[in-house]
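Only heavy atoms go into these numbers, but all of them, side chains included; no hydrogens, no water, no symmetry mates. Just so it is clear, the model here is predicted, and its values are computed rather than measured. Every chain is numbered from 1 and lettered A, B, ... according to where its sequence line falls, protein lines coming before strand lines.
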Amino acid sequence: MIEWSETKIKAFQQTLLDWYDHNKRTLPWRQDHNPYHVWVSEIMLQQTQVQTVIPYYLHFMEEFPTVQDLADAPEDKLMKTWEGLGYYSRARNLQKAARQVVTDYHGKWPSNAHDLQELSGIGPYTAGAIASIAFNQPVAAVDGNAFRVFARLLEINADVAKPQTRKIFEKVINKIISKDRPGDFNQAIMDLGASYMTATNFDSSHSPVRAFNQAFLDGIEDQYPVKTKKKRPVVHDYFGLVIRSDNGYLFQKRPSSGILANFWMFPLFDHQDLTDDQSLSKSALIQIVEAKMQSDYQLPIKLSQVLDKPVTHTFTHQQWKITLLEGRLPENVDLSYFPGKWIQPAVFDEMTFSKVQSKLWSAYQKRPSIS
DNA sequence: GAACCGTGGCG
DNA sequence: TCGCCAAGGTT
């Protein structure tokens with residue numbers, strides 16, 4: 001890693017902020033520095049691209065204009081507003097934090113990074129972002145952009161995939177950040193990281209800070225940031241049950257923790273949980289599911305495969321391959337042994353579905369007709 | 001510290 | 001198709 005003199009730091013600040021003043025992106029959450037606006041946008045932007053967030057942010061502010069509205073919101077309305085954005089614990093933590101602000105802080109926001117981190121869903125990055133943008137505190141906001149930009153500018157060789165590396169960047173950036181305009185400085189780094197200094201297909205030769213980019217000047221920019229590779233998603237094979245009666249389709253509520261917590265879905269059976277015998281045929285596996293529905297839930301059901309190919313969905317750490325099975329149950333069958341309920345298609349629009357559930361329903365509706 | 005937690009876009 | 005990436009936090 002190289003180090004900058006005070007003179008060079010001043011020159012960098014001026015170059016960066018001049019560029020930002022003339023080229024900053026116009027974004028809905030940049031119309032003011034209201035901490036509620038800054039906070040909601042920062043949570044939505046976690047691991048999510050700007051273009052994805054914009055419509056969600058606008059809709060969210062229509063539904064919940066103030067932190068009080070968010071604190072008072074019914075959970076189903078909150079989740080419906082978040083539907084499709086992913087990482088749904090963000091939405092739950094958002095409301096937790098809103099209630100913390102309203103009750104514990106009596107509507108008065110904590111105004112420094114340390115206190116902001118006490119709120120649910122606010123970690124080191126988001127605390128720095130809110131403190132600098134909304135409260136003009138001179139603290140670093142180390143996100144993926146900051147890692148990428150400063151790793152290249154200073155040829156920092158620490159592995160940005162390791163948690164401890166953040167402290168190295170915080171220390172460096174806290175020396176370089178503008179003490180007069182910390183919020184603009186942090187946002188300028190983000191705009192730089194989203195334009196001239198992207199992860200791939202970057203355009204360093206036209207960047208406003210190219211003269212400060214040591215890795216570019218040395219022709220080794222593609223070596224930064226240093227980042228170890230992630231592991232591949234683990235594959236899970238499921239049966240997805242599309243079971244109909246005159247009362248609607250059978251849904252099951254997912255566990256309250258883990259992936260897609262509390263979401264309603266078609267019942268899923270992991271092949272791994274059905275048998276240890278890897279050699280069993282698919283029809284044999286289906287018979288096991290039928291027997292399990294009978295013995296565990298007192299539900300007599302005959303299942304048949306609907307589609308040739310499974311519905312696939314890839315998460316960050318898991319890949320699901322779901323083979324759809326179709327069946328029918330008599331009206332008013334006893335559901336008291338099954339952790340689920342019947343839902344009519346007419347009310348699907350009011351439910352919050354995960355993407356994978358939407359895919360299952362969509363694939364089922366497009367199934368070849370038997371007639 | 002490593003694993004977990006969604007979705008969409010891109011080469 | 002696949003791996004990587006995108007304004008990270010929690011456990």
Which residue lies more 5' along DNA chain B, comparing A:H317 with A:P163 via nearest heavy atoms: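 First, find each residue's nearest nucleotide; the 5'-ward one identifies A:P163.
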message: Which is more 5' along DNA chain B, the nucleotide nearest A:K231 or the one nearest A:L260? Just name the residue.
response: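 Comparing both residues, the 5'-ward one is A:K231.
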Contact under 4.0 Å: A:Y88 side-chain N or O vs B:dT7 OP1/OP2: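 For B:dT7, OP1/OP2 do have a side-chain N/O of A:Y88 under 4.0 Å.
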task: Among A:L268, A:T312, A:T314, A:L260, find the residue that satisfies the side chain to side chain contact (heavy atoms under 4.5 Å, CB included) test when tested with A:V356.
output: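 Of all the options given, the one that passes is A:L260.
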query: Are the side chains of A:I122 and A:W39 in touch, meaning some heavy atoms are under 4.5 Å apart?
result: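 A:I122 vs A:W39: side chains touch.
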What distance, rounded to whole Å, do you find between the two [atom1] atoms, one in [N] and one in [M]?
| N | M | atom1 | value |
| --- | --- | --- | --- |
| C:dT1 | B:dG6 | P | 24 Å |
| B:dC10 | C:dA7 | P | 14 Å |
| C:dA6 | B:dG1 | P | 23 Å |

Over how many whole Å does the gap from [X] atom [atom1] to [N] atom [atom2] extend?
| X | N | atom1 | atom2 | result |
| --- | --- | --- | --- | --- |
| A:N93 | B:dC5 | CG | C1' | 11 Å |
| A:M265 | B:dG6 | CE | C1' | 13 Å |
| A:Y56 | B:dG6 | OH | P | 14 Å |
| A:E83 | B:dT7 | CD | C1' | 12 Å |
| A:N262 | B:dG6 | CG | C1' | 15 Å |
| A:K230 | B:dC4 | NZ | P | 14 Å |
| A:L45 | B:dG6 | CG | P | 18 Å |
| A:K229 | B:dA2 | NZ | P | 17 Å |

message: Taking A:S120's backbone N and O only, do any of them form a donor-acceptor pair with A:Q100's side chain (distance below 3.5 Å, no angle check)?
response: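 Looks like yes, one N/O pair under 3.5 Å.
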- prompt: For A:A140, does its backbone N or O pair with a side-chain atom of A:N174 as donor and acceptor, under 3.5 Å?
  reply: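 Here the side-chain-to-backbone pair exists.
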message: What residues from residues 121-160 of chain A pass a heavy-atom cutoff of under 4.0 Å to DNA chain C?
response: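 Those residues whose heavy atoms fall under 4.0 Å from DNA chain C, taken from residues 121-160 of chain A in numerical order, are A:G121, A:I122, A:G123, A:P124, A:Y125, A:T126, A:D143, A:G144, A:N145, A:R148.
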Remember a base hit wins even if backbone is also touched, and classify [X] as base, sugar-phosphate or nothing at under 4.0 Å, heavy atoms.
| X | result |
| --- | --- |
| A:Q164 | sugar-phosphate |
| A:V53 | nothing |
| A:R30 | base |
| A:S120 | sugar-phosphate |
| A:Q318 | sugar-phosphate |
| A:W39 | nothing |

- prompt: Do the ring planes of A:H236 and A:Y238 sit parallel (below 30°), tilted (30 to 60°) or perpendicular (above 60°)?
  reply: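 Because their plane-to-plane angle is under 30°, the rings of A:H236 and A:Y238 count as parallel.
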message: Students often mix this up, so state it plainly: with edges at 30° and 60°, are the rings of A:W320 and A:F315 parallel, tilted or perpendicular?
response: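 A:W320 vs A:F315 ring planes: perpendicular.
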- prompt: So, do A:W361 and A:F353 have ring centers that fall under 6.0 Å from each other?
  reply: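 When the ring centroids of A:W361 and A:F353 are compared, they turn out to be at least 6.0 Å apart.
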- prompt: Is the ring centre of A:F169 less than 6.0 Å from the ring centre of A:F150?
  reply: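 Centroid distance A:F169-A:F150: not below 6.0 Å, so no.
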Within the sub-3.5 Å range, which N or O atoms of nucleotides 8-11 of chain B have a protein N or O partner, and how far apart are they?
unit_1 : atom_1 : unit_2 : atom_2 : d
B:dG8  : N2     : A:Q49  : NE2    : 3.3

Boundaries of the DNA chain C segment in contact with chain A, non-hydrogen, under 4.0 Å: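 Under 4.0 Å from chain A, the extent on DNA chain C is C:dG3 to C:dT10.
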- prompt: Any luck finding a side-chain donor-acceptor pair between A:R152 and A:S207 under 3.5 Å?
  reply: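 No donor-acceptor contact under 3.5 Å links the two side chains.
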field: Donor + acceptor pair across side chains of A:T126, A:Q46 (<3.5 Å)
entry: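 There is such a pair between these side chains.
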task: Would you please test A:F251 and A:F266 for ring pair (Phe, Tyr, Trp, His ring centres under 6.0 Å) and show each step?
output: CA-CA 5 Å; A:F251 278 75; A:F266 289 152; 5.0 Å; yes
task: Report the C-alpha separation of A:L78 and A:L70 in whole Å, then their side-chain angles, then the decisive distance to 0.1 Å, and conclude whether the side chain to side chain contact (heavy atoms under 4.5 Å, CB included) test is met.
output: CA-CA 8 Å; A:L78 173 65; A:L70 178 54; 3.7 Å; yes
message: For A:R166 and A:T316, find the nucleotide of DNA chain C closest to each by heavy atoms; which residue's nucleotide sits nearer the 5' end?
response: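 Closest to the 5' end, via its nearest nucleotide, is A:T316.
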task: Would you kindly check if the NZ (Lys) or CZ (Arg) of A:K341 is within the cone defined by 45 degrees around the ring axis of A:W264 and under 6.0 Å from the six-membered ring centre?
output: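 Here A:K341 passes the 6.0 Å and 45° test against A:W264.
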